[in-house]
2 protein chains.
Amino acid sequence: MRLTHEQFRELAAEHGLAVTHQRQVVFEAVIASHGHYSPEDIYATVRRRIPSISLATVYNNLRLFIECGLLREVTPHASTLRVDGNLKPHHHLVCSRCKSVRDIEGEFIDFKRLSRHLPDGFDLTQPLVEVFGLCRRCAAKK
Amino acid sequence: MRLTHEQFRELAAEHGLAVTHQRQVVFEAVIASHGHYSPEDIYATVRRRIPSISLATVYNNLRLFIECGLLREVTPHASTLRVDGNLKPHHHLVCSRCKSVRDIEGEFIDFKRLSRHLPDGFDLTQPLVEVFGLCRRCAAKK
DNA sequence: TATCGGATGAGAATGATTATAAACCATCCA
DNA sequence: TGGATGGTTTATAATCATTCTCATCCGATA
Ligand SMILES: [Mn+2]
Ligand SMILES: [Mn+2]
Ligand SMILES: [Zn+2]
Ligand SMILES: [Zn+2]
């Protein structure tokens, strides 16, 4: 996908964001990437078009886009290590906003259907699933 | 759950780990916690029993336990931010070892059944699901 | 074109985690 | 029981991703 200057201007207006050259180029780099990349990756790409851009600007804009819902965060966990002493296989329910984690019971995965969509050789012997949403408290605030 | 010295000794032997006092106390702290805590949290707990213990020891042993499968990591993503320009709702398949992320298609979640197990007020309007396993390459190595 | 508030860039600061190296100690064996 | 051995612990330094600070810049509006 390639955005015209005009399309990005409209998107930005919808979300109350000022239109700057850096912002447009960062956004386009992510959209065009078709992957799940890090800020450093994006930075490297964007520098080819704007050599003077700063890494902080990339971070700023990625955060901004994520908050607006213009981009999705692939790593929506707490940013620090958490460990679990519950060794019984179980799934987790995670709040995308406050990052709280709860155990969740129940057989709600259709493994037959899931396995049809797995890439060849992917090992799901001990499948773990995390479901993301908003906990009651965070849903109320929003 | 509370482990006797003897039980921990057996567990450690099974996994080829030396038995030390610090190691036992760290492990017990996690098992007893019934939650999803950070190394700092565990450190605070363990210090009540071993005031001289070092934070590095807590990190060392948590890592070790996770590698052995004695504990589970609640945050099995890459430790740095990743962004996704694909705005279409979709799910992810994540390799627990190399942290690679792939999009996955298909309706393999039984939301009716899932919602029966949700805590009251949890908002799943835009559900995201991550399925963890081992990619072909990592499954081959192991 | 002049003004103003938000955006940018360079570099410092922060915070989590890991690396280093010396002291320590669990285990094994004489 | 004492002594060697190698893995473990500790204190601290180093690293790395990310955020902060603030001076400068620039896009939007009139
Ligand atoms: Mn759990
Ligand atoms: Mn994706
Ligand atoms: Zn929440
Ligand atoms: Zn892998």
Side-chain angles (χ1 to χ4, degrees), chain A residues 5-6 8-30 36-44 46-68 70-71 73-83 99, chain B residues 5-6 8-27 29-30 36-44 46-47 49-68 70-71 73-83 99:
Chain A
H5 196 94
E6 208 42 57
F8 180 74
R9 187 172 291 269
E10 281 173 28
L11 260 184
E14 279 172 32
H15 295 274
L17 299 181
V19 173
T20 69
H21 183 50
Q22 288 87 338
R23 205 158 268 180
Q24 168 154 24
V25 172
V26 168
F27 188 70
E28 282 195 5
V30 180
H36 306 99
Y37 293 100
S38 70
E40 286 281 355
D41 295 331
I42 310 294
Y43 180 52
V46 166
R47 281 180 101 172
R48 296 204 291 266
R49 285 223 259 157
I50 313 179
S52 66
I53 198 171
S54 136
L55 179 57
T57 298
V58 173
Y59 270 98
N60 285 341
N61 286 311
L62 291 181
R63 278 268 161 255
L64 207 61
F65 293 144
I66 289 167
E67 273 163 29
C68 290
L70 285 176
L71 293 181
E73 183 171 0
V74 184
T75 48
H77 275 289
S79 58
T80 62
L81 177 65
R82 297 297 148 86
V83 294
K99 319 299 190 189
Chain B
H5 196 94
E6 209 41 57
F8 181 74
R9 187 172 290 269
E10 280 173 28
L11 260 184
E14 279 173 31
H15 295 274
L17 299 180
V19 174
T20 69
H21 185 50
Q22 287 88 339
R23 208 160 264 179
Q24 169 155 22
V25 172
V26 169
F27 188 70
V30 180
H36 307 95
Y37 293 99
S38 69
E40 287 280 357
D41 295 332
I42 309 295
Y43 180 51
V46 167
R47 281 181 101 171
R49 286 224 257 157
I50 312 179
S52 65
I53 198 170
S54 134
L55 179 57
T57 298
V58 174
Y59 270 100
N60 284 342
N61 286 311
L62 291 180
R63 279 267 162 256
L64 208 60
F65 294 144
I66 290 168
E67 272 163 30
C68 291
L70 285 176
L71 293 181
E73 183 171 359
V74 184
T75 47
H77 275 288
S79 58
T80 62
L81 177 66
R82 296 298 148 85
V83 294
K99 321 298 189 188

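Since we're looking at a predicted model, the values are computed, not measured. The sequence lines fix the lettering, A, B, ..., with proteins before strands; numbering per chain opens at 1.
- The CD atom of E6(B) sits 11.0 Å away from atom CG of L11(B), with the distance rounded to the nearest 0.5 Å.
- Of the residues near DNA chain D, I50(B) and Y59(A), the one whose nearest nucleotide (by heavy atom distance) lies more toward the 5' end is I50(B).
- Summary for the helix from dT1(C)-dA30(D) to dA30(C)-dT1(D): the axes at its two ends, each from 5 pairs, differ by 30° when rounded to the nearest 10 degrees.
- Judged as a side-chain hydrogen bond (donor to acceptor under 3.5 Å, both in side chains), and not counting sequence neighbours, Q22(A) has no contacts.
- Within the nucleic acid shown, S52(A) comes within 4.0 Å of sugar-phosphate atoms alone, with no base atom in reach, counting heavy atoms only.
- Remark: R9(A) pairs with H5(A) by the side-chain hydrogen bond (donor to acceptor under 3.5 Å, both in side chains) rule, at least two apart or across chains.
- R49(A) pairs in a side-chain hydrogen bond (donor to acceptor under 3.5 Å, both in side chains) with only one of the listed residues (Q24(A), E28(A), H21(A)), which is E28(A).
- Scanning DNA chain D 5' to 3' for nucleotides with an atom closer than 4.0 angstrom to a non-hydrogen atom of chain B gives a first and last hit of dT8(D) to dT18(D).
- Under the side-chain contact (heavy atoms from CB on, under 4.5 Å) criterion, E40(A) pairs with S38(A), Y43(A), L55(A), not counting sequence neighbours.
- Looking at heavy-atom distances under 4.0 Å, T57(B) makes contact with a base.
- Remark: A29(A) pairs with I42(A), T45(A), V46(A) by the side-chain contact (heavy atoms from CB on, under 4.5 Å) rule, at least two apart or across chains.
- Heavy atoms of S79(B) sit nowhere under 4.0 angstrom from any nucleic acid atom.
- With the nearest nucleotide of DNA chain D identified for both Q22(B) and L81(B), Q22(B) has the one nearer the 5' end.
- In this structure, R63(A) has no side-chain hydrogen bond (donor to acceptor under 3.5 Å, both in side chains) partners at least two apart in sequence or on a different chain.
- The span of DNA chain C lying next to chain A, judged by atoms under 4.0 Å from heavy atoms, is bounded 5' to 3' by dA7(C) to dT17(C).
- Contacts of S79(B) classified as side-chain contact (heavy atoms from CB on, under 4.5 Å), with partners at least two apart in sequence or in another chain: none.
- Checked by atom type and distance alone, the side chain of D41(B) never pairs as donor or acceptor with a backbone atom of Y37(B) at under 3.5 Å.
- Residues satisfying the ring pair (Phe, Tyr, Trp, His ring centres under 6.0 Å) criterion with F27(A), sequence neighbours excluded, are F8(A), F65(A).
- Residues satisfying the side-chain hydrogen bond (donor to acceptor under 3.5 Å, both in side chains) criterion with T80(B), sequence neighbours excluded, are R82(B).
- Near-neighbour residues of DNA chain D inside residues 9-21 of chain A, defined by a heavy atom below 4.0 Å, number-ordered: R9(A), V19(A).
- Here L17(B) contributes atom CG and L70(B) contributes atom CG; the two are 6.5 Å apart, rounded to the nearest 0.5 Å.
- Annotation: side chain of H36(B) is not in contact with side chain of T75(B) (no heavy-atom distance under 4.5 Å).
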